[in-house]
K.L.:
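Before I ask anything, here is the structure I am working with.
Below, all heavy atoms of this structure are taken into account, side chains as well, without hydrogens, waters or symmetry copies. Numbering of ligands and ligand atoms starts at 1, following listing order.
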Amino acid sequence: MKKRIALLPGDGVGPEVTNEAVKVLKKIAAKYNHEFIFTERLIGGAAIDEVGEPFPKETEELCISSDAILFGAIGDPKYDNNPAAKIRPEQGLLTMRKTLGLYANVRPIKTYEPLYHQSPLKIDRIKGVDFVIVRELIGGIYFGARGREEEGRTAFDTCIYTTDEIERVSTYAFELAKTRRRKLSIVDKANVLETSRLWREVTKKLAHDYPTIQVEYLFVDNAAMQIIKRPAEFDVILTENMFGDILSDEASVITGSIGMLPSASVGEKISLYEPIHGSFPKAAGKNIANPIGTILSAALMLEYSFQMKDEARAIQDAVYKTLERGFGTKDIATKHILGTREMGEKIASAL
Ligand code: IPM
Ligand code: MG
């Protein structure tokens with residue numbers, strides 16, 4: 001198969017980790033007789049530096065005309081510490097999500113036996129943890145009206161959801177649960193928020209179409225606790241934008257390193273794949289970042305966007321084999337500590 005992949009390395013360690021995923025994808029292409037065409041464009045702080053905006057038109061056009069997007073990271077500390085900054089790298093990410101209609105953010109949380117000892121949780125809690133967070137990505141408080149009043153002394157952000165937005169991402173989560181252990185945990189704050197009550201209304205109706213899925217509702221504060229207390233019991237967690245942002249960082253800790261975790265941002269026409277770790281500016285250019293999150297994101301791309309299940313599985317197996325042999329970057333290594341590049345090469349050669 002011939003596929004066009006938009007490559008958006010972005011900021012911080014983004015270029016280093018996407019490089020390794022490309023290495024692995026090229027190996028897959030050679031082995032399974034595919035042709036992957038990579039075209040690179042600017043995004044985030046790198047794009048602001050170069051052309052003055054975080055999601056340039058040229059980047060958008062490439063995304064729209066590609067079969068999938070592989071994305072590194074966005075964010076630069078020079079903007080974080082400047083509340084007056086008018087343009088921020090993160091705006092590039094949010095605009096990209098919105099313009100491309102990436103409505104479902106899928107974050108699989110899975111523990112790996114060779115890394116059990118890395119987790120801050122007790123081993124008996126984390127054995128066999130394998131769940132997926134489905135986070136609504138283009139609605140809620142991230143995109144509602146915001147502003148200042150009373151000469152700047154009052155600020156507001158609005159959380160807003162429509163029935164259609166809730167239904168679209170919920171259908172995705174129900175369908176995903178159907179292919180897994182058929183358990184769906186829906187997280188909200190329906191004891192306080194009107195948007196959460198609408199989520200319950202819509203998801204309860206939808207549940208009638210999925211009689212074999214076991215649905216539970218959790219308030220987000222309780223969910224934050226249960227994810228740590230009984231992570232192995234979750235299968236699919238569905239939640240709104242902000243809660244999903246927070247819970248997915250919390251959940252990433254279970255696996256021992258956020259550097260391991262991939263994600264997919266699914267849209268109706270195109271989907272984007274990225275590691276969840278962010279730009280990690282302190283590690284940029286040092287060849288120490290863990291490329292596994294990006295490599296596993298590439299595997300998700302093959303599976304979700306290109307229906308290449310065997311190829312995706314081959315990457316996952318190669319990662320597992322490499323970990324089992326005791327190789328890892330600084331954040332996870334058991335026996336042999338490797339750099340970003342060397343880790344990517346080890347995984348590619350395990351293929
Ligand atoms: C994420 C990030 C982003 C978010 C930031 C960088 C805007 O934390 O992808 O989880 O809040 O969605
Ligand atoms: Mg986040």
K.L.:
Kindly say whether R146 contributes a backbone atom to a donor-acceptor pair with the side chain of D157 at under 3.5 angstrom?
P.N.:
no
K.L.:
For atom 10 (O) of ligand 1, what's the nearest protein heavy-atom neighbour? Residue, atom name and distance, please.
P.N.:
D245 OD1, 2.9 Å
K.L.:
Return the name of the atom in D245, of element N, O or S, nearest to the Mg ion (ligand 2).
P.N.:
OD1
K.L.:
Run down the list R107, M242, R97 and name the one with the heavy atom closest to atom 12 (O) of ligand 1.
P.N.:
R97
K.L.:
Just to check, does H277 reach to within less than 4.0 Å of ligand 1 when the distance is taken from its heavy atoms?
P.N.:
no
K.L.:
Does a donor on one side chain sit under 3.5 Å from an acceptor on the other, for D331 and T329?
P.N.:
yes
K.L.:
Would you please classify the geometry between the Y273 ring and the Y304 ring as parallel, tilted or perpendicular, with 30° and 60° separating the classes?
P.N.:
perpendicular
K.L.:
What protein heavy atom is closest to atom 4 (C) of ligand 1, reported as residue, atom name and distance in Å?
P.N.:
Y142 OH, 3.4 Å
K.L.:
Report yes or no: does S66 contribute a side-chain atom to a donor-acceptor pair with the main-chain N or O of A68 at less than 3.5 Å?
P.N.:
no
K.L.:
Heavy-atom distances under 4.0 Å are what count here, so tell me which part of R135 touches ligand 1: side chain, backbone, both or neither.
P.N.:
side chain
K.L.:
Which residue and atom name correspond to the protein heavy atom nearest atom 6 (C) of ligand 1, and how close is it?
P.N.:
E90 CG, 3.8 Å
K.L.:
So, do Y103 and E165 sit near enough that their side-chain heavy atoms are less than 4.5 Å apart?
P.N.:
no
K.L.:
Between L323 and I292, is there a side-chain heavy-atom distance shorter than 4.5 Å?
P.N.:
yes
